[in-house]
Number of protein chains: 2
Amino acid sequence: MVAQAFWESFQTMTVTMKQGRVGVPCLACPLRLKPAFKDKTDDEVRFIQAMKFDHRALPAGSDIIHPGQEDAELYTLFSGWAFRYQSLPDGRRQILNFLLPGDLVGLQASLLSAAQHGIEALTDVELCVFPRRRVWDLFVRMPSLSYEIAWLGSREESLIDENLTSVGQRNAGERIAALVISLYRRADALGLVSERSFLFPLSQQQLADALGLSLVHTSKTWSRLRRSGLFSISAGRLTLLNPRLTARMASAFEREFEPRPLI
Amino acid sequence: MVAQAFWESFQTMTVTMKQGRVGVPCLACPLRLKPAFKDKTDDEVRFIQAMKFDHRALPAGSDIIHPGQEDAELYTLFSGWAFRYQSLPDGRRQILNFLLPGDLVGLQASLLSAAQHGIEALTDVELCVFPRRRVWDLFVRMPSLSYEIAWLGSREESLIDENLTSVGQRNAGERIAALVISLYRRADALGLVSERSFLFPLSQQQLADALGLSLVHTSKTWSRLRRSGLFSISAGRLTLLNPRLTARMASAFEREFEPRPLI
DNA sequence: CGTCGAATTGATATCCATCAAAGCGAGTGG
DNA sequence: CCACTCGCTTTGATGGATATCAATTCGACG
């Protein structure tokens with residue numbers, strides 16, 4: 001619709017600001033208008049705007065934060081998808097969670113002295129950059145925002161809890177169903193679902209790394225679920241054909257999404 | 001030694017305070033003296049002391065927070081061990097992480113509107129209770145403490161990241177080695193290790209639920225590792241016979257523990 | 001001595017990993 | 001327009017790791 005078109009044009013429009021800053025003005029941030037996010041006072045938004053240091057676009061596959069990095073900044077994901085991962089010395093890799101627009105990127109890395117994980121852009125992304133050295137300042141001057149940052153940290157933890165439960169307890173089919181349902185709901189909350197379908201940019205290797213399965217077994221299970229009519233894929237979009245059934249397969253408890261803060 | 005004896009007597013000593021509060025005075029908290037924890041200003045400690053609402057002792061097996069609970073308080077674990085877990089409708093259960101003395105208990109539950117997980121006492125425990133409704137107040141009045149709470153939340157997330165990587169990527173033997181090494185290091189940082197041995201109160205069922213393995217397979221792998229000389233168990237204590245080798249088996253990168261905040 | 005929960009052990013079934021090869025689609029250069 | 005390459009996906013065959021079932025042992029405790 002109109003809103004959709006506005007949104008898409010806005011995403012590609014990057015306003016160049018003085019002093020080398022490139023950005024979308026936070027007061028007019030289109031993400032902020034979505035019902036998924038809580039309202040903020042003008043004061044808060046102005047603080048955020050002042051703290052925003054850059055608006056950065058990166059192509060799919062870029063490192064946003066590399067493992068061990070000690071000076072990682074804090075970001076919010078303005079558009080696109082990313083993922084956090086951890087690698088073992090022998091090359092095995094676990095994808096810890098996926099990041100969608102509006103998610104805080106690199107909170108853990110900006111608080112701890114060194115990142116214990118990497119973060120990679122899954123699609124082309126745009127990031128709002130907040131300097132790490134000003135996070136402390138934020139805690140001192142903006143208690144409401146610092147509370148919301150802690151809240152977002154806890155929410156991310158609870159998403160990882162879900163993934164851990166999935167990988168530890170569910171079989172291959174259940175894991176895929178749980179992941180698809182979880183991403184579907186998050187995309188839906190952002191208004192990115194239409195006709196039960198949404199952009200699904202994961203390769204099967206990435207799926208496998210997120211689910212703790214081999215590539216081959218992922219492929220076989222994935223196509224079994226498609227053949228059984230749970231969902232279909234075309235043109236990079238995934239369509240859920242039977243959301244209720246998929247949720248039951250994933251033995252997912254109905255979890256409501258309340259509006260959440262956007263820093 | 002002397003310190004050890006003092007500590008043990010202190011643990012069982014619970015001072016009854018007026019107004020029904022039972023507690024250990026925070027200014028003299030023996031946990032706080034350990035090198036694992038960062039120093040605090042007197043102001044901060046006084047604030048914590050004033051916020052501390054109760055000092056509660058619970059027997060092993062008690063629910064500290066039950067799944068779905070909406071009014072969970074915030075705790076620190078004063079003594080004993082606990083674990084966070086998540087259950088599926090059909091009874092499968094994933095243990096998400098273990099909590100040791102000094103760990104914050106229920107941060108996620110006290111920030112989000114409902115707990116997505118349960119927390120259970122693994123041994124007899126003592127808890128310092130901080131009322132949920134005053135957490136906001138803490139963020140407003142004590143930026144330094146709120147920053148440290150966010151820091152502790154990120155640290156917990158990074159521990160869960162490790163567990164997820166373990167469960168998703170490592171085989172049974174590696175998972176056990178990684179868990180043992182991780183608990184060993186945490187216990188060591190708290191001064192709970194002597195002669196390479198420390199209290200290890202997990203049942204094999206709990207081990208299995210933490211590792212995403214069946215009880216039977218856990219038992220077989222566990223005793224295989226013991227026979228191969230990695231560690232031994234006696235009287236509820238685990239002794240690491242070859243820490244370097246165990247760490248290598250777990251393909252653990254050397255991770256330093258910097259001093260951390262104790263709220 | 002009897003009981004109960006936890007740990008152990010053996011036998012078998014199943015899920016998932018690994019190996020190998022073929023298919024497919026998008027891009028590229030002739 | 002075709003041939004070629006390259007990455008990603010699909011499929012078949014086989015082996016291995018882990019789950020499940022069943023029975024026994026062990027240890028704590030009354």
Side-chain angles (χ1 to χ4, degrees), chain A residues 59-61 83 88 90-95 120 122-124 165-180 200-228 231-238 249, chain B residues 59-61 83 88 90-95 120 122-124 165-180 199-228 231-238 249 251:
Chain A
F83 61 87
L88 298 181
D90 62 6
R92 287 177 286 182
R93 177 178 80 160
Q94 177 67 38
I95 290 184
E120 183 178 319
L122 180 60
T123 66
D124 292 350
T165 301
S166 222
V167 172
Q169 302 299 323
R170 299 198 242 245
N171 65 29
E174 293 172 323
R175 284 184 219 180
I176 290 181
L179 179 60
V180 167
F200 196 86
L202 307 200
S203 74
Q204 298 206 0
Q205 183 63 64
Q206 287 158 346
L207 264 176
D209 287 347
L211 299 170
L213 296 170
S214 73
L215 173 61
V216 173
H217 195 59
T218 301
S219 172
K220 287 174 179 171
T221 309
W222 183 251
S223 59
R224 179 168 59 77
L225 293 189
R226 265 184 300 156
R227 276 197 302 276
S228 77
F231 54 80
S232 65
I233 298 279
S234 79
R237 295 181 69 86
L238 186 150
M249 262 210 61
Chain B
F83 61 87
L88 298 181
D90 62 5
R92 287 177 285 182
R93 176 179 79 160
Q94 177 67 37
I95 290 184
E120 185 178 317
L122 180 59
T123 65
D124 294 349
T165 302
S166 222
V167 172
Q169 303 299 326
R170 298 198 242 245
N171 66 28
E174 293 172 324
R175 285 185 220 180
I176 290 182
L179 179 60
V180 166
L199 189 78
F200 196 86
L202 307 199
S203 74
Q204 300 207 355
Q205 183 63 65
Q206 286 158 345
L207 266 175
D209 287 347
L211 300 170
L213 297 169
S214 72
L215 174 59
V216 174
H217 196 59
T218 301
S219 172
K220 286 174 179 170
T221 310
W222 183 252
S223 56
R224 179 169 59 77
L225 293 190
R226 263 184 303 155
R227 276 196 303 275
S228 77
F231 54 80
S232 65
I233 298 278
S234 77
R237 295 180 70 86
L238 186 151
M249 264 211 58
S251 62

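Note that the structure is predicted; figures quoted are calculated from it, not measured. Sequence lines set the chain letters: A, B, ... in the order given, protein chains first and strands last, and positions in each chain run from 1.
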Quiz item: Taking A:D209 as the fixed residue, which of A:Q204, A:R93, A:R92, A:Q94 is the one that meets the side-chain hydrogen bond (donor to acceptor under 3.5 Å, both in side chains) rule?
Solution: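 So, applying the side-chain hydrogen bond (donor to acceptor under 3.5 Å, both in side chains) to A:D209 and each of A:Q204, A:R93, A:R92, A:Q94, only A:R93 qualifies.
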Mind calculating the distance between [atom1] ([X]) and [atom2] ([N]) to the nearest angstrom?
{"X": "A:K220", "N": "D:dT9", "atom1": "NZ", "atom2": "P", "value": "15 Å"}
{"X": "A:L213", "N": "D:dT10", "atom1": "CG", "atom2": "P", "value": "15 Å"}
{"X": "B:I176", "N": "D:dT18", "atom1": "CD1", "atom2": "C1'", "value": "12 Å"}
{"X": "B:L202", "N": "C:dA7", "atom1": "CG", "atom2": "C1'", "value": "15 Å"}
{"X": "A:R170", "N": "C:dC16", "atom1": "CZ", "atom2": "C1'", "value": "18 Å"}
{"X": "A:I233", "N": "C:dG25", "atom1": "CD1", "atom2": "P", "value": "15 Å"}
{"X": "B:R175", "N": "D:dT18", "atom1": "CZ", "atom2": "P", "value": "6 Å"}
{"X": "A:Q205", "N": "D:dT9", "atom1": "CD", "atom2": "C1'", "value": "11 Å"}

Please tell me if the side chains of [X] and [Y] come closer than 4.5 Å, counting only heavy atoms from C-beta onward.
{"X": "A:R237", "Y": "A:F200", "answer": "no"}
{"X": "B:L207", "Y": "B:I176", "answer": "no"}
{"X": "A:T165", "Y": "B:L88", "answer": "yes"}
{"X": "B:W222", "Y": "B:I233", "answer": "yes"}

Quiz prompt | Distance below 4.0 Å between A:R226 side-chain N/O and D:dT10 OP1 or OP2 | solution =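 Indeed, a polar side-chain atom of A:R226 lies that close.
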Exercise. Ignoring backbone atoms, establish whether B:S219 has a side-chain N or O less than 4.0 Å from OP1 or OP2 of C:dT8.
Key: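 Yes, B:S219 has a side-chain N/O under 4.0 Å of OP1/OP2 on C:dT8.
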Considering every strand and a 4.0 Å limit on heavy-atom distances, what is the contact class for [X]: base, sugar-phosphate, or nothing?
{"X": "B:G212", "result": "sugar-phosphate"}
{"X": "B:S203", "result": "sugar-phosphate"}
{"X": "B:L215", "result": "nothing"}

Nearest-nucleotide pick for [X], side chain only, options being [options]:
{"X": "B:H217", "options": "D:dG12, D:dC21, D:dT18", "result": "D:dT18"}
{"X": "B:R227", "options": "C:dT9, C:dC19, D:dT18", "result": "C:dT9"}
{"X": "B:N171", "options": "D:dT18, C:dC19, C:dT9", "result": "D:dT18"}
{"X": "A:Q204", "options": "C:dA11, D:dT18, D:dT9", "result": "D:dT9"}
{"X": "A:S214", "options": "D:dC21, C:dT18, D:dT18", "result": "C:dT18"}

